[in-house]
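Remarks on the structure that follows.
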Amino acid sequence: MDPRTLALTLAIAAGWLSFNTLVIVGYFLFCKKEALGLAAGRDSFWLTVAGKRARQSAVSPRAKPSSVPVNESAAVAKPTPSAELDTAPPSSPPTLPPIASYSLFVIFDQPDVTLNQKIHALLQAWEARYDASLQLYIASGVTPQNPIRIANAYPPGDMPADEVFLEETNVLGGVSLIVEKPKRKRGFDKVQLGKLVELSEEFAALGGSILDEERQPASRKTFKNITGG
């Protein structure tokens with residue numbers, strides 16, 4: 001073989017070998033790239049799924065709306081008893097029932113300062129003391145726990161105190177004598193009711209007349225109904 005043919009053959013063989021080598025290397029690189037791309041894709045897929053799950057677990061789930069209807073009236077908080085008490089209007093004070101009592105009235109015929117002197121002297125004889133809070137005189141009698149109360153009866157008003165009793169502006173037109181009714185008329189209770197009648201008669205002896213609870217002239221029957229005798 002001449003040199004030129006040999007050189008041409010060697011060149012062709014080298015080119016062919018180079019081409020085959022290039023094809024093999026390119027195929028190898030392509031396969032490797034595919035293999036690396038598939039693995040990376042799978043890894044990124046699982047990483048993505050794991051991230052989503054982590055984010056879902058970190059976020060608190062929202063409460064689903066209940067299908068049971070809510071009673072609005074029951075949801076409203078009821079006021080406490082103390083609040084009801086604070087908002088309630090103040091109640092009026094209770095009125096006490098009147099105390100049952102026996103009473104007699106003495107109406108004077110000619111009220112004047114001289115008569116006031118006699119009335120004052122009679123109160124002193126019965127050791128009646130002036131009660132400034134009630135503005136009347138109290139004679140203890142035989143039962144200090146249930147005394148005889150002497151008040152201004154005509155016109156209704158307050159009894160004058162000792163120091164002003166004899167002033168002309170305090171002339172008395174009448175007095176009322178009151179004793180509370182005892183639960184049972186026993187011993188001293190009957191005596192005290194007798195003292196009520198006795199004192200009213202002494203006031204009438206100064207120049208006046210005795211009236212019962214109905215403002216009618218008192219009689220012996222009236223006195224017996226009081227004393228029970």
Side-chain angles (χ1 to χ4, degrees), residues 90-229:
S91 57
S92 58
T95 56
L96 298 177
I99 300 175
S101 60
Y102 292 107
S103 59
L104 293 171
F105 301 90
V106 178
I107 305 302
F108 300 114
D109 299 330
Q110 295 179 348
D112 55 17
V113 176
T114 302
L115 179 61
N116 265 35
Q117 291 177 347
K118 296 177 182 180
I119 295 172
H120 190 244
L122 182 58
L123 291 173
Q124 290 178 336
W126 278 73
E127 297 180 351
R129 62 179 179 83
Y130 183 70
D131 190 319
S133 60
L134 300 176
Q135 295 185 327
L136 50 76
Y137 285 84
I138 297 177
S140 298
V142 295
T143 56
Q145 70 276 10
N146 188 17
I148 304 172
R149 290 170 290 173
I150 303 103
N152 191 353
Y154 183 81
D158 304 326
M159 289 286 282
D162 292 303
E163 57 272 15
V164 296
F165 204 96
L166 302 181
E167 292 183 1
E168 190 172 355
T169 55
N170 293 323
V171 171
L172 296 175
V175 293
S176 60
L177 298 88
I178 305 167
V179 173
E180 294 180 11
K181 288 184 179 180
K183 295 180 179 179
R184 289 181 292 177
K185 294 180 180 179
R186 300 173 299 180
F188 290 106
D189 296 322
K190 290 184 178 181
V191 175
Q192 185 74 335
L193 295 174
K195 292 291 184 180
L196 170 66
V197 175
E198 180 182 348
L199 181 55
S200 65
E201 291 177 335
E202 292 189 16
F203 274 118
L206 300 179
S209 56
I210 304 174
L211 304 180
D212 61 13
E213 295 179 350
E214 304 298 329
R215 291 1 180 230
Q216 300 298 320
S219 61
R220 291 299 171 185
K221 184 178 179 180
T222 303
F223 301 148
K224 288 182 179 180
N225 290 336
I226 293 176
T227 59

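Between I148 and I150, the shortest heavy-atom contact is O-CD1, 3.7 Å. The shortest non-hydrogen separation linking F203 to I119 is CE2-CG2, 3.7 Å. Pairing each heavy atom of A139 with each of P147, the nearest pair is O-CB, 3.4 Å. Taking all atoms of both residues into account, the shortest heavy-atom contact from F105 to A153 is CD2-CB, 4.0 Å.
Formation of a donor-acceptor pair under 3.5 Å by the Q192 side chain with backbone atoms of S140 is found in this model. For the pair N170 (side chain) and V164 (backbone), a donor-acceptor distance under 3.5 Å is present. Side-chain N or O atoms of N116 include one that pairs as donor or acceptor with a backbone N or O of L172 at under 3.5 Å. Y102 contributes no side-chain N or O that, together with a main-chain N or O of E213, makes up a donor-acceptor pair within less than 3.5 Å.
Residues W126 and E198 form a side-chain contact, since some pair of their non-hydrogen atoms from C-beta on lies under 4.5 Å apart. Using a 4.5 Å cut-off on side-chain heavy atoms (C-beta onward), D112 and L115 make contact. Here the side chains of L199 and K195 are not in contact, with every heavy-atom distance at 4.5 Å or above. Taking 4.5 Å as the limit, some side-chain heavy atom of I226 sits within range of a side-chain heavy atom of L104. No side-chain heavy atom of K190 sits under 4.5 Å from any side-chain heavy atom of T227.
In this structure, D109 has no side chain to side chain contact (heavy atoms under 4.5 Å, CB included) partners at least two apart in sequence or on a different chain.
Between H120 and F165, the two ring planes are tilted [angle within 30° to 60°].
None of L211, L206, V175 except one satisfies the side-chain contact (heavy atoms from CB on, under 4.5 Å) rule with V106; the exception is V175.
How far NZ of K221 is from CG of D212: 11.5 Å, rounded to the nearest 0.5 Å. To the nearest 0.5 Å, atoms OG (S101) and CG (L177) are separated by 11.5 Å.
Atom CD of E127 is surrounded by 12 or fewer heavy atoms from other residues, nucleotides or ligands within 6.0 Å.
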